[in-house]
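Presented below is the structure to which this report refers.
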Amino acid sequence: MRISGATPGSPVQNVADSAPADTARPAAAPAAQRELESAVMQPAIQALKEMGDIDHDRVAQLRDALAKGELPFDAGKLAGLIQKFHRGEQ
């Protein structure tokens, strides 16, 4: 959007309206990059396929227990486990 000292009520020009057509779209990823992305994503996709269905009743029970304070929750421990996971530690 262009900001100008025009009088109120005058039309505003959007940047997208004035940008050249060739810069509006990002270039397609090279084949090597697409292959790398595919190789990186394949283990995650496979793990998702191997996971079982979500037990929505159990999720609701755990959510209720957590809300009632019946289920202990340690945010610090969770944060540590997440960091450990992302560092590749078991």
Side-chain angles (χ1 to χ4, degrees):
M1 180 180 293
R2 184 182 302 170
I3 300 174
S4 66
T7 59
S10 63
V12 177
Q13 179 182 5
N14 288 330
V15 173
D17 296 339
S18 62
D22 61 328
T23 62
R25 293 185 195 155
Q33 183 177 352
R34 286 192 306 268
E35 289 175 18
L36 175 62
E37 290 171 355
S38 177
V40 170
M41 292 299 295
Q42 289 307 314
I45 292 170
Q46 186 60 34
L48 284 173
K49 288 179 181 177
E50 292 172 1
M51 290 177 70
D53 291 334
I54 297 171
D55 184 348
H56 293 284
D57 291 334
R58 181 70 176 142
V59 170
Q61 289 173 352
L62 292 171
R63 186 179 295 131
D64 291 341
L66 187 60
K68 293 176 185 175
E70 298 169 352
L71 184 65
F73 176 73
D74 184 349
K77 184 175 181 178
L78 177 61
L81 290 170
I82 291 170
Q83 288 178 336
K84 187 176 179 180
F85 174 80
H86 285 286
R87 284 190 301 247
E89 300 172 15
Q90 294 296 328

> Around Ile54, counting heavy atoms of other residues, nucleotides and ligands shown, do more than 12 lie under 6.0 Å from its CD1?
Replying inline: no
> Listed by chain and number, what are the side-chain contact (heavy atoms from CB on, under 4.5 Å) partners of Phe85, not counting sequence neighbours?
Replying inline: none
> Who pairs with Lys68 by side-chain contact (heavy atoms from CB on, under 4.5 Å), at least two apart in sequence or on another chain?
Replying inline: Glu70
Could you pull out all donor-acceptor pairs under 3.5 Å where a side-chain atom in residues 41-48 meets a protein atom, sequence neighbours excluded?
residue: Gln42; atom: NE2; partner: Ser38; partner atom: OG; Å: 3.4
residue: Gln46; atom: NE2; partner: Glu50; partner atom: OE2; Å: 3.1

> Are Leu81 and Phe73 linked, directly or through other ILVMFWY residues, by side chains that come within less than 4.5 angstrom of each other?
Replying inline: no
Report all side-chain donor-acceptor pairs from residues 58-65 shorter than 3.5 Å, counting only partners two or more places apart or in another chain.
residue: Arg58; atom: NH1; partner: Gln61; partner atom: OE1; Å: 3.4

